[in-house]
Amino acid sequence: MSYSNNKNSKQPSQNNQQSQNKKANIKMALSMAAGALLGTSAMVNDAKAEVLKDWQFDSAFLFYSEDQRVTAAEVIVSGNKTFANDEILNLKLTIDSLTGASANGAVVQAQAQTFTRPSGEGQYVTPAGETPLDDTFKDTRVQLNAQWTQPLAENYTGSIGGHFSKEFDYLSLGGNGNLAVDFYKKNSTISLGLSHFQDTFTPMGGIPKPYASMPIGDSSSASWDEDFAKTRIGSSEKKVTSDVLLGFTQVINRRMITQFNYSYSMVRGYLTDPFKIVSVLDQQGTAQDYIYEQRPDERNKQSTFAQAKYHFDQNLLNSVLDISYRYMWDDWQIKSHTLDSTLYMPLSSRFGKQSYLRPHIRYYQQSAAEFYRPYTFAEQENKTTPDENYISADYRIGEMTAITLGVKYGFSLNNGNDFSVRLEYYRQMPSNAGFDEPSELSSLTVYPVVQAVIFQLSYSFL
Amino acid sequence: MKANQSTITKSPQLYQSKAMSIAVSKAKLILLAAVLVNLSACSGLGVEPWERDLLATKAMALTSSPVDAALDDHIYFSKEASSGGKSFGGGGCGCN
């Protein structure tokens, strides 16, 4: 926090003073820009600029677009301020907006299908041979995070954080605490983290009754509201998530560092997706009915994670290889493997500017939840007992393989700020986890591929 | 291990073998703990403070871009059945 650069700086050399003034002006201008980004008015006064001048900001704009489905835009502004005793305050604002269509869970048919919107207001028709998508998805989310990290004693670092996220139909409040202990000249670190989230979901149209048939008919008729209300059991539901994260970090040598984590996550409450349905088919595969899905009201997830980073020497352009693997398993019988790798390649600096290229590859594979069904059959539906009546046709908890390929290019600007652009391709390939396919579905695409493009611009500034 | 336990009957010898297998697994645990502790202290792993030039670079940070990580976590949390592992997997949005 030094004020001397601005005025009354008694440097012996005039040149020095000029350059310092110039630096201060740039800093002031950037602080004003930061203020503008943070939503304050363009006329940021000196006092505000002074407050912001010791901050370091990371900002990013992300555009995510699925082929014929969801499109999302997301903006993040994250600020870090380091205080005199190495305390670090991080404040992060995230705003995202989502529009487009999302799979409603029903299976493709050889004829057109009509569905009722989740709100109960109106219907939509899916053409023959196409995956049923609900195109009413539209949401804007604002998220605020604050994290305070500080040394507690020699080799002990503590951190606490808060989380607030609000959507039109969703509220999430959370907190976390972490303790890290360094030993052996800070070459090894053990950490313990706890986090807790409390979410409230108030979906448009209310909470559907599991296994109730989706009402389909004339939504302008006099009895419609009453018919629709019969399929509802409430207006809002809650979900609580508690996580424990144990970590171990080890420096191997001057060029290599590794990390190993174990995490346990308990989720309790409403885990069903109120917008998802399941097709009820006859023996030939023709839809007779659509029922609302139901998932268990608890889920216990565990995961192990290992990461290694290696800094190559000049022969390999001083590049940095980052490779990680995660194995996750839960009591829904979902198991997943995630392999993620990036290679940071510094490019020869031109005109004093540092630049880099960072290719990225990610492979993901998951097995299906034990209650996942791509569809159910009329006779099976009647046989289910209350204990085994969980059902979901949400492909996101079905068997799936996904791959991400991407590249990031970044460079430093003359003023020391960093700019980068990232382009990625994401492909999800759901597959049949051994379910019988009735004859009518054999010529149709029951497990459609989902493709998305991810485009991101990032700017880091002081 | 499972196969071993399921074949155990009430013969004293097999009780002994069960006790042995418990002892072996305990020994394995102790060995693992010892390995973990020794990994850092005795085996030459790690660096001196003045050898941290490369480790201190941004590219070598375990999460070199927290913003990218946050955006990716949000995408995959809402499109796949897994989350977390590297950091908390928690809730936070109605996207899943």
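Because the structure is a prediction, the values reported are computed rather than measured. In what follows, every chain begins at residue 1, and chains take the letters A, B, ... in the order their sequences are listed.
Proximity to chain B is absent for every atom of A/Thr342, based on heavy atoms less than 4.5 angstrom apart. With a 4.5 Å cut-off on non-hydrogen atoms, B/Asp53 touches chain A through its side chain but not through its backbone. With a 4.5 angstrom heavy-atom cutoff, A/Glu66 touches chain B only via side-chain atoms. Only the side chain of A/Tyr364 comes within contact range of chain B, with heavy atoms under 4.5 Å apart. For a residue to count as touching a neighbouring chain, one of its non-hydrogen atoms must lie under 4.5 Å from one of that chain's; by this rule A/Asp418 touches chain B with the side chain only. For a residue to count as touching a neighbouring chain, one of its non-hydrogen atoms must lie under 4.5 Å from one of that chain's; by this rule A/Asn318 does not touch chain B. At a 4.5 Å heavy-atom cutoff, the contact between A/Ala402 and chain B is made by side-chain atoms alone. Only the side chain of A/Asn178 has a heavy atom closer than 4.5 Å to any heavy atom of chain B. Heavy atoms closer than 4.5 Å to chain B are found in the backbone of A/Leu194, but not in its side chain. Within the 4.5 angstrom heavy-atom criterion, only side-chain atoms of A/Tyr395, from C-beta onward, approach chain B. Interface remark: A/Asp169 contributes no atoms to any contact with chain B (heavy atom separation under 4.5 Å).
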* Evaluate side-chain contact (heavy atoms from CB on, under 4.5 Å) for B/Ser83 paired with A/Met328, printing each intermediate quantity in order. => CA-CA 8 Å; B/Ser83 62; A/Met328 192 228 60; over 6 Å; no
* Asked: Can A/Thr338 and B/Tyr76 be said to form a side-chain hydrogen bond (donor to acceptor under 3.5 Å, both in side chains), step by step?
  -> CA-CA 11 Å; A/Thr338 312; B/Tyr76 298 124; over 6 Å; no
* To do: Quick one: do B/Lys79 and A/Gln428 satisfy side-chain hydrogen bond (donor to acceptor under 3.5 Å, both in side chains)? Show the steps, please.
  => CA-CA 9 Å; B/Lys79 305 307 295 182; A/Gln428 289 184 313; 5.0 Å; no
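In this structure a side-chain-to-backbone donor-acceptor pair under 3.5 Å is missing from A/Gln366 to B/Ser82. In this structure a side-chain-to-backbone donor-acceptor pair under 3.5 Å is missing from B/Lys86 to A/Gln307. Between the side chain of A/Lys309 and the backbone N or O of B/Ala61, at least one donor-acceptor pair lies under 3.5 Å. Under a 3.5 Å cut-off, the side chain of A/Asp243 and the backbone N or O of B/Phe88 do not form any donor-acceptor pair.
Annotation for A/Ile334 and B/Ala81: closest pair CD1-CB, 3.8 Å, computed over non-hydrogen atoms. Closest non-hydrogen pair, A/Leu245 versus B/Gly85, comes out as CD1-O, 3.8 Å. Residues B/Leu62 and A/Asp322 share a closest heavy-atom pair of O-OD2, 4.3 Å. Among all heavy-atom pairs drawn from B/Ala59 and A/Val320, the shortest one is O-CG1, 3.6 Å. Pairing each heavy atom of B/Ala70 with each of A/Ile76, the nearest pair is CB-CD1, 4.1 Å. Nearest heavy atoms, A/Arg396 versus B/Ser78: NH1-O, 2.9 Å.
For the pair A/Val251/B/Leu55, a side-chain contact is recorded, criterion being any heavy-atom separation below 4.5 Å from C-beta on. Residues A/Leu62 and B/His74 are not in side-chain contact: their nearest non-hydrogen atoms beyond the backbone lie 4.5 Å or more apart. Annotation: side chain of B/Leu54 is not in contact with side chain of A/Met256 (no heavy-atom distance under 4.5 Å).
Here the OG atom belonging to B/Ser87 is positioned 8.5 Å from the CG atom belonging to A/Asn261, to the nearest 0.5 angstrom. A/Gln456 CD to B/Leu71 CG: the interatomic distance, rounded to the nearest 0.5 Å, is 5.0 Å.
Ion pair A/Lys186/B/Glu48 not flagged as a salt bridge, since none of the NZ, NE, NH1 or NH2 atoms sits closer than 4.0 Å to an Asp/Glu carboxylate oxygen.
When each of B/Ile75, B/Val67, B/Thr57, B/Val47 is scored by its heavy-atom pairs under 4.5 Å with chain A, the top score falls to B/Val47. For the options A/Arg326, A/Arg254, A/Gln198, heavy-atom pairs under 4.5 Å to chain B are most numerous at A/Arg254. Between chain A and the options B/Met60, B/Glu51, B/Arg52, heavy-atom pairs under 4.5 Å are most frequent for B/Met60.
Surrounding OH of A/Tyr262 are more than 12 heavy atoms belonging to other residues, nucleotides or ligands, all under 6.0 Å away.
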